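It should be emphasised that the depicted structure is a prediction, and the values quoted were computed from it without experimental measurement. One-based numbering, in listed order, for ligands and for the atoms of each. These values consider heavy atoms only, across backbone and side chains, with no hydrogens, waters or symmetry-generated copies.
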Amino acid sequence: MRVDVVTIFGEYLQPLSLSLIGRAREEGLLDLRVRDLREHTHDRHRTVDDTPYGGGAGMLMRPEPWGEALDAVLADPPGDARPEGPVLLVPSPAGEVFRQATAVELAAEPWLVFACGRYEGIDARVVEHYASRGVRVREVSLGDYVLNGGEVAVLVIVEAVARLLPGVVGNAASVEEESHAAAHSGLLEHPAYTKPATWRGLDVPAVLTSGHHGLVARWRRDEALRRTARRRPDIVAALDAARCDAADLRV
Ligand SMILES: NCc1ccc(-c2ccccc2)nc1
């Protein structure tokens with residue numbers, strides 16, 4: 001997978017050189033390129049922002065540098081790019097909510113491009129322009145809170161997507177079994193334990209050391225259902241609406 005990130009704070013993306021994602025880059029599973037938006041400014045102060053039309057607090061990012069930067073990215077496609085080009089992802093508090101299903105969808109793409117806004121965001125014409133040119137543009141939110149820019153959201157999205165690529169996470173089964181994994185119909189993960197069997201007077205649930213795999217599976221399913229019902233009634237409601245086997249969640 002090829003990932004391009006356009007930003008004025010490239011150093012925010014350094015964590016993507018560490019650990020599993022860093023190794024995926026070294027092994028060629030992920031080709032991540034960070035590009036500096038300021039290289040596409042031409043004034044003495046390398047200005048990327050200006051005041052918002054209609055007034056209001058804060059500054060907005062000017063469209064011209066973005067147009068030049070994104071044109072340069074789009075002019076340099078990877079060999080396996082789709083005919084329809086990349087998905088252009090713009091982290092934004094006003095975006096669609098990014099979920100595990102979104103990560104699964106994006107992991108199937110050969111090329112993702114991220115536009116990291118700062119200040120109060122990017123002039124709306126940038127999204128409008130590329131969408132009108134047929135680029136698949138998606139504004140994505142991580143939840144209902146505001147950050148100072150899109151870079152932290154890119155760290156989250158790139159990790160959530162890249163770890164789904166074959167070969168990135170050693171144990172593919174663990175990816176399947178995690179919370180929100182489709183294999184568990186989106187339920188939260190059950191509590192997990194390791195040695196010692198007793199720690200500060202707390203014992204590991206006996207069923208887990210019974211050696212009875214059927215009972216262990218049942219206990220894990222029950223705990224996942226119980227935890228989901230307690231912490232995420234929204235997931236339960238969605239499962240109910242989908243009339244999955246969560247019917248036995250009705251208490
Ligand atoms: N929902 C997470 C999120 C994503 C992006 C931004 C953001 C803030 C300022 C400028 C550009 C993007 N804030 C929150």
Considering heavy atoms of the protein only, find what lies nearest to [atom] and give residue, atom and distance to 0.1 Å.
| atom | value |
| --- | --- |
| atom 2 (C) of ligand 1 | Leu142 N, 3.6 Å |
| atom 4 (C) of ligand 1 | Ser92 N, 3.8 Å |
| atom 13 (N) of ligand 1 | Leu147 N, 3.0 Å |
| atom 6 (C) of ligand 1 | Pro93 CD, 3.6 Å |

At less than 4.0 angstrom from any non-hydrogen atom of Gly143, what atoms of ligand 1 do you find? 1 (N)
Which ligand 1 atoms, with their elements, are less than 4.0 angstrom from a heavy-atom of Tyr119? 9 (C), 10 (C)
Give a yes or no on whether a salt bridge exists between Asp36 and Arg38, defined as a side-chain N under 4.0 angstrom from a carboxylate O. no
Does an N or O from Ser141, backbone or side chain, lie closer than 3.5 Å to an N or O of ligand 1? yes
Look only at interatomic distance and state if Gly150 has a nitrogen or oxygen under 3.5 Å from any nitrogen or oxygen of ligand 1. no
Is there a continuous path of hydrophobic side-chain contacts, each under 4.5 Å between heavy atoms, that joins Val154 to Tyr12? yes
With heavy atoms under 4.0 Å as the rule, classify the contact between Asn148 and ligand 1 as side chain, backbone, both or neither. backbone
Give a yes-or-no answer on whether the side chains of Trp111 and Asp4 include a donor-acceptor pair shorter than 3.5 Å. yes
Ring-face cation of Arg35 near Phe9 (centre distance under 6.0 Å, axis angle within 45°): no
Can you confirm whether Glu159 is buried at CD, in the sense that more than 12 heavy atoms of other residues, nucleotides or ligands lie under 6.0 Å from that atom? no
Inter-residue atom distance Arg62.CZ - Asp43.CG, 0.5 Å rounding: 6.0 Å
Hydrophobic clusters join Ile, Leu, Val, Met, Phe, Trp and Tyr when side-chain heavy atoms are under 4.5 Å apart, directly or via other members; which others share one with Leu208? Tyr193, Val204, Val207, Leu215, Val216, Trp219
